[in-house]
Amino acid sequence: MLDYFALFMLLFVAVTLVFGIVAIHDIPHVISKSRQHPHQDAIHAAGWVSLFTLHALWPLLWIWAMAYRADRGWGFATTTDGSPGELPATIARLEARLTALEEAQRPSGAVPPAVRD
């Protein structure tokens, strides 16, 4: 009777370890899904490759999954005012200021330089 219990425990531990390892390898994919990452499928496929390479790629996959958020984009920093959507307006304001400064520096009779596209 004790032999059957030991066999059951051995099989239970082996199955639990296999399922635990598979669950751990899938963590970057779960993170990428929750962050609406644009490379979810690639992270999931690389997670399976990492499973067969003894999780050698797993830390890189975790970083890759954490590097994107739908509200901020890539990385952990935001713009100075906190809203990444205002970048075109900021560029337009800076171009207007640059044009005003160039006109202020130009002598009164000088011809403005040609605008390049």
Side-chain angles (χ1 to χ4, degrees):
M1 178 68 177
L2 195 54
D3 292 338
Y4 290 117
F5 180 72
L7 180 63
F8 170 77
M9 287 303 294
L10 184 65
L11 290 174
F12 177 77
V13 168
V15 168
T16 303
L17 279 174
V18 168
F19 277 107
I21 289 171
V22 169
I24 286 172
H25 101 278
D26 210 29
I27 290 173
H29 177 64
V30 172
I31 292 170
S32 68
K33 283 178 72 172
S34 69
R35 291 177 172 243
Q36 300 168 348
H37 200 288
H39 305 138
Q40 291 177 21
D41 295 334
I43 291 173
H44 189 73
W48 279 104
V49 170
S50 180
L51 179 68
F52 296 114
T53 59
L54 302 177
H55 291 274
L57 302 174
W58 193 88
L60 299 173
L61 295 176
W62 183 77
I63 292 169
W64 186 12
M66 293 290 292
Y68 181 83
R69 279 189 38 184
D71 58 340
R72 291 194 296 224
W74 293 97
F76 295 101
T78 59
T79 58
T80 55
D81 61 352
S83 57
E86 293 186 13
L87 187 59
T90 303
I91 291 173
R93 280 195 315 271
L94 289 173
E95 286 177 345
R97 285 184 60 193
L98 180 61
T99 303
L101 286 172
E102 286 174 346
E103 288 177 4
Q105 294 291 329
R106 188 177 325 121
S108 61
V111 177
V115 177
R116 291 182 281 177
D117 287 327

Problem - Taking every non-hydrogen atom, the tightest pair across Ser50 and Leu61 - result: CB-CD1, 4.2 Å

Go through the structure and list residues passing side-chain contact (heavy atoms from CB on, under 4.5 Å) with [X], not counting sequence neighbours.
X     : value
Pro59 : none
Ala42 : His39, Trp64
Glu95 : Ile91

Which donor-acceptor pairs under 3.5 Å do side chains of residues 26-33 form with protein atoms, sequence neighbours excluded?
| residue | atom | partner | partner atom | Å |
| --- | --- | --- | --- | --- |
| Asp26 | OD1 | His44 | ND1 | 3.3 |
| His29 | ND1 | Gln40 | O | 3.4 |
| Ser32 | OG | Pro28 | O | 3.4 |
| Ser32 | OG | His29 | O | 2.7 |

Exercise for the section: Return yes when atom CH2 of Trp62 has more than 12 non-hydrogen atoms of other residues, nucleotides or ligands closer than 6.0 Å, and no otherwise. Expected result: no

Fill in the blank from the handout: Rounding to 0.5 Å, atoms CZ (Arg69) and NE2 (His37) come to a distance of 12.5 Å

Indicate every side-chain donor-acceptor pair of residues 1-25 with a distance under 3.5 Å to a residue at least two apart or in another chain.
| residue | atom | partner | partner atom | Å |
| --- | --- | --- | --- | --- |
| Thr16 | OG1 | Phe12 | O | 2.7 |
| His25 | ND1 | Val22 | O | 2.4 |

